[in-house]
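Single-structure report; data block below.
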Amino acid sequence: MTAQRIDGNALSQKLRAEVTSRTQVLKAKGITPGLAVILVGENPASQVYVRNKVKACQDSGLHSLLEKYAEDMTEKALLDRIESLNQDPSIHGILVQLPLPKHIDSQKVIEAISPHKDVDGFHIASAGALMTGMPGFWPCTPYGCMKMLENIGYDLKGKHAVVIGRSNIVGKPMAMMLLQKNATVTICHSATPDLKAMTLQADVIVAAVGKRNVLTADMVKPGAVVLDVGMNRNDEGKLCGDVDFDGVEKVASYITPVPGGVGPMTITMLLVNTLEAAERL
Ligand code: NAP
């Protein structure tokens, strides 16, 4: 068996076209969805991420505001800026690029964003809404994974999903979303004694660890669906995921490549969340 690839670029293109047309509908009513992106410091990876997010907004007709601040910006100055963006009617979504410099408390900053503008879905109110099945913003990366499953017509009801990783931004919300769609969910992490015993039982595996080859072909049940969230560099410096793609591709039924899988979906779901923040007004 050779797995079918789930093409995150193609699905993103389709979803972004929908964002563009829904944005035009809002614009006709005098509302332009707006995203504020805040970057503090000079982290090179963060610079690339924020540039891509702003460009994606522009391409879909959304208003975007990129604010770059020096590494030594005080926590108070950042909190004050967020408060004024909370009050700004032209801004529907606020994103603070992580990681922040060490002297700034990231959690405090996230909690300062109005839950109505929390398009990253990291606020405790958004996490609570997801946990309880209430309306709220879903974190973009796991939300993108759910869209990929939806797009292949995969019915999670009664299936066993194994999530590897339990971070607040990927693993835990991923598990909640899968649970909401009636999967039976197992969450694995660094203290899981026998990862292979868990993954071999899985119909769906989401790898969100940040280590190459965490999932190899011998750990995958034939026909399983494998979503690779990881972003790592191989020995040649090329982007790769957590999954041994060449091996697992021969066992799985569907698999996401890296690059070109979950990555583009993350930005796409950010656009969707920003649009929905504006539509909810
Ligand atoms: P994180 O906060 O570092 O969490 C990693 C998780 O993996 C932790 O829960 C950790 O367990 C677990 N883990 C570590 N080693 C393990 C092992 N050997 N077996 C099983 N579990 C293990 O990372 P994250 O923010 O969730 O991100 C995960 C990966 O996704 C990274 O490569 C990141 O770059 C990537 N990512 C990609 C996107 C995208 O758009 N494609 C978005 C976000 C993140 P403990 O909790 O026990 O430490």
Per the salt bridge (Lys or Arg N to Asp or Glu O under 4.0 Å) rule, what does the pair list look like for [range], sequence neighbours excluded?
{"range": "residues 187-214", "result": "K196-D218, D203-K221, R212-D235"}
{"range": "residues 87-111", "result": "E75-K108"}
{"range": "residues 151-161", "result": "none"}
{"range": "residues 266-279", "result": "R22-E276, R22-E279"}

Considering only distance and modelled atom types, tabulate donor-acceptor pairs under 3.5 Å from the side chains of residues 28-43, sequence neighbours left out.
unit_1, atom_1, unit_2, atom_2, d
E42, OE1, Q47, NE2, 3.3
N43, OD1, A45, N, 3.0
N43, OD1, S46, N, 3.2

Q: Take L98 and I110, measure what side chain to side chain contact (heavy atoms under 4.5 Å, CB included) needs, and give me the verdict at the end.
A: CA-CA 10 Å; L98 301 177; I110 291 166; 4.2 Å; yes
Can you find a pair of side-chain heavy atoms, one from [X] and one from [Y], that are under 4.5 Å apart?
{"X": "V109", "Y": "L79", "value": "yes"}
{"X": "V96", "Y": "F122", "value": "no"}
{"X": "T199", "Y": "V220", "value": "no"}
{"X": "H92", "Y": "H63", "value": "no"}
{"X": "E83", "Y": "Q87", "value": "yes"}
{"X": "L275", "Y": "N273", "value": "no"}
{"X": "Q97", "Y": "K53", "value": "yes"}
{"X": "V226", "Y": "L215", "value": "yes"}

Atom [atom1] in [X], atom [atom2] in [Y]: separation rounded to 0.5 Å?
{"X": "S64", "Y": "L62", "atom1": "OG", "atom2": "CG", "value": "8.0 Å"}
{"X": "K76", "Y": "I104", "atom1": "NZ", "atom2": "CD1", "value": "13.0 Å"}
{"X": "M148", "Y": "S12", "atom1": "CE", "atom2": "OG", "value": "7.0 Å"}
{"X": "I94", "Y": "L85", "atom1": "CD1", "atom2": "CG", "value": "5.0 Å"}
{"X": "L156", "Y": "M177", "atom1": "CG", "atom2": "CE", "value": "12.5 Å"}
{"X": "L270", "Y": "C140", "atom1": "CG", "atom2": "SG", "value": "4.5 Å"}

Q. Do D242 and N213 have a side chain donor and acceptor closer than 3.5 Å?
A. no
Q) Do S60 and R16 have side-chain N/O donor and acceptor atoms under 3.5 Å apart? A) no
If we ignore hydrogens and angles and just use 3.5 Å, is the side chain of [X] paired with the main-chain N or O of [Y] as donor and acceptor?
{"X": "N86", "Y": "K117", "result": "no"}
{"X": "K147", "Y": "L11", "result": "no"}
{"X": "N232", "Y": "G241", "result": "yes"}
{"X": "T141", "Y": "V170", "result": "no"}

Specify the closest pair of heavy atoms between [X] and [Y], including all atoms of both residues, with the distance to one decimal.
{"X": "G61", "Y": "T23", "result": "O-CG2, 3.6 Å"}
{"X": "S84", "Y": "R81", "result": "OG-NH1, 2.7 Å"}
{"X": "V204", "Y": "Y154", "result": "CG2-CE2, 3.4 Å"}
{"X": "P264", "Y": "N9", "result": "CG-OD1, 3.2 Å"}

Quick one: do [X] and [Y] end up in the same hydrophobic cluster if we chain Ile, Leu, Val, Met, Phe, Trp and Tyr together by side-chain heavy atoms under 4.5 Å apart?
{"X": "V54", "Y": "V272", "value": "no"}
{"X": "I6", "Y": "V262", "value": "yes"}
{"X": "M219", "Y": "I164", "value": "yes"}
{"X": "L271", "Y": "L15", "value": "yes"}
{"X": "L149", "Y": "V243", "value": "no"}

Identify, with sequence neighbours excluded, every residue that meets salt bridge (charged side-chain N to carboxylate O under 4.0 Å, His left out) alongside [X].
{"X": "K172", "result": "none"}
{"X": "E18", "result": "none"}
{"X": "R51", "result": "none"}

Ignoring hydrogens and angles, write down the donor-acceptor pairs under 3.5 Å from the side chains of residues 250-257, residues two or more places apart or on other chains.
unit_1, atom_1, unit_2, atom_2, d
K250, NZ, D246, O, 3.0
S253, OG, G223, O, 2.7
S253, OG, A224, O, 3.4
T256, OG1, D228, N, 2.8

Q) Hey, what else clusters with M231 if you join Ile, Leu, Val, Met, Phe, Trp, Tyr whenever side-chain heavy atoms sit under 4.5 Å? A) Y49, L239, V258
Q | Crowding at CD, Q13 (>12 non-hydrogen neighbours, <6.0 Å) | A | no
Q.
Evaluate C145 against M174 for side chain to side chain contact (heavy atoms under 4.5 Å, CB included), listing each step before the verdict.
A. CA-CA 8 Å; C145 291; M174 184 78 250; 3.7 Å; yes
Q. Partners of Y143 by ring pair (Phe, Tyr, Trp, His ring centres under 6.0 Å), sequence neighbours excluded?
A. W138
Q. For F137 and H123, what are the C-alpha separation, side-chain angles and deciding distance, and is it a side chain to side chain contact (heavy atoms under 4.5 Å, CB included)?
A. CA-CA 9 Å; F137 294 110; H123 196 288; over 6 Å; no
**Q.** Residues which pass side chain to side chain contact (heavy atoms under 4.5 Å, CB included) with T186, listed by chain and number, not counting sequence neighbours
**A.** H160, V162, C188, M198
Q | Trace of the side chain to side chain contact (heavy atoms under 4.5 Å, CB included) decision for R5 with F245 | A | CA-CA 10 Å; R5 293 184 189 199; F245 186 88; 3.4 Å; yes
